[in-house]
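In this text the structure is predicted, and so the values were computed from the model without any measurement. In each ligand, atom 1 is the first atom listed, and ligand 1 is the first ligand listed. Sequence positions, counted from 1, serve as the residue numbers for this chain.
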Amino acid sequence: MQADSVHLPDCAADLVRFRQVRNTPTGIHRPFAGGVGLAFDSNDYLGLAAYPPIQEAWCRGGRYWGVGSGGSHLLSGHTRAHEKLEAALAAWTGRERALLFSSGYVANLTVLQVLCGRRHVVVQDRLNHASLWDAVRLSGARLRRYAHGNVEDARRILNAMGDAPGFLVSEGVFSMDGDWGPLPGLADAARAARAVFMVDDAHGIGIWGPLGQGSCSHYALGEDAVPILMATLGKALGTYGAFVAGSAQLIEQLIQEGRPYRYTTALPPALAEATLAALECVIREPERRERLFGLIDYFKACSTQLGLPLLPSPSPIQPLWLGSARVALDVSRALEARGIVVPAIRPPTVPHGQARLRISLSSSHTREDLDRLLQGLSDLCPRPNRS
Ligand SMILES: *Cc1c(COP(=O)(O)O)cnc(C)c1O
């Protein structure tokens, strides 16, 4: 669809979505006017999506297993490759067992469908991912939301539930804000209210913790504190799919009762092989994370010096606050004209009036790449409090 073929009022036109067709492999470089363009738009934080050893594992896996899994996990699709990856993920995250899912969306639907029913109250951070809201609808549970990152608000809601069983969910690192969920405080609040606590660590897994085990590991929260850990494989791990880690009993219950789990095709086994290779890279190549942390520090320090309106974030997700969807889109397009790709994030992905650029850093970037981005931002971003 072409921009001019869409006839909408101005404000709505700023919200129309377009799919860009990319002709290059996943990574930070894009062709641009004969030179090299730079992208800050992917969740491939460790540069693993097109890393040759992982591509090689996928090809080897495909040659042995075939391309598709051939069925759901409960039919014929479950293989030794899936088993090995599940065992590795459980060991890595320090949980008793782990269960693979075809996507994070399906994992979240399954967990809530199995563990929550009409009697439950699901208490969620306002900024939790869309899949978690849809999961509540599938479960039939009641929904309450607390102010973003606010443990006291979560506690207040949990305490007001009466006899209803509670289920508290937060992201580990928030996908559009890049900040941490206050996991230790939430774990305490859940324990005090006898609510189950789940963390969706899609954007923390692979990055935080001594071996990249994610936000829970960063906060030293084990299975007792966070009985349900969900994370995706399509972000820092660079492949595709998701897993839930927890007690053997939890995992068995998800297998036995999970409708979204049961009625979907298993991940291709070759993808499980590739993910196993990616997991080995995360564990054995901590220098990727170190490089990323160095870039995050550098970017934040320079942005502060330039007076850019960055939201506070310790993670590779660095949101630059612009407010209006129009302005966010204009800045994003002007950057693109210089060969710099940074997506504008607009409602409904973020609340109205909170449009932003979502700058996503990768360990594959260099300081020179960041300098080029910073120069562009400095030239193009409106900064009302500077003359
Ligand atoms: C990406 C994401 C998901 C969905 O994972 P997919 O594997 O892409 O379906 C779920 N939760 C959060 C927080 C995410 O960022």
Decide whether an N or O pair under 3.5 Å exists between Asp200 and ligand 1.
-> yes

Report yes if some N/O of Thr232 lies less than 3.5 Å from some N/O of ligand 1; otherwise report no.
->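 In fact, backbone or side chain, Thr232 has no N or O that close.
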
Could you list the atoms of ligand 1 found under 4.0 angstrom from a heavy atom of [X]?
X	value
Ser131	10 (C), 11 (N)
Tyr105	4 (C), 5 (O), 6 (P), 9 (O)
Gly104	4 (C), 5 (O), 6 (P), 7 (O), 9 (O)

Expected output: side-chain Glu273 to main-chain Arg60 donor-acceptor under 3.5 Å = no

Does Gln354 offer a backbone N or O that forms a donor-acceptor pair with the side chain of Arg356 under 3.5 Å?
->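 A pair under 3.5 Å: yes.
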
Does the distance from a Lys or Arg side-chain N to an Asp or Glu carboxylate O, for Glu83 and Arg97, drop under 4.0 Å?
->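 Looking at Glu83 and Arg97, the cut-off is not met.
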
With a cut-off of under 6.0 Å to the ring centre and 45° to the axis, is Arg95 in cation-pi contact with Phe243?
->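 Ring-cation test returns no.
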
Heavy-atom contact under 4.0 Å between Ala242 and ligand 1?
-> no

Applying a 4.0 Å heavy-atom criterion (strictly less than), which segment of Ser103 is in contact with ligand 1: side chain, backbone, both, or neither?
-> both

Give every residue pair that meets the salt bridge (Lys or Arg N to Asp or Glu O under 4.0 Å) criterion with at least one member in residues 204-224, sequence neighbours excluded.
->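 The answer is none; no pair qualifies.
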
Qualifying residues under salt bridge (Lys or Arg N to Asp or Glu O under 4.0 Å), relative to Asp163, sequence neighbours excluded =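 Per chain and number, Asp163 pairs via salt bridge (Lys or Arg N to Asp or Glu O under 4.0 Å) with no residue.
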
Taking atom 8 (O) of ligand 1 as the reference point, the nearest protein heavy atom with its distance |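 So the nearest neighbour among protein heavy atoms is Lys235 NZ, 4.3 Å.
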
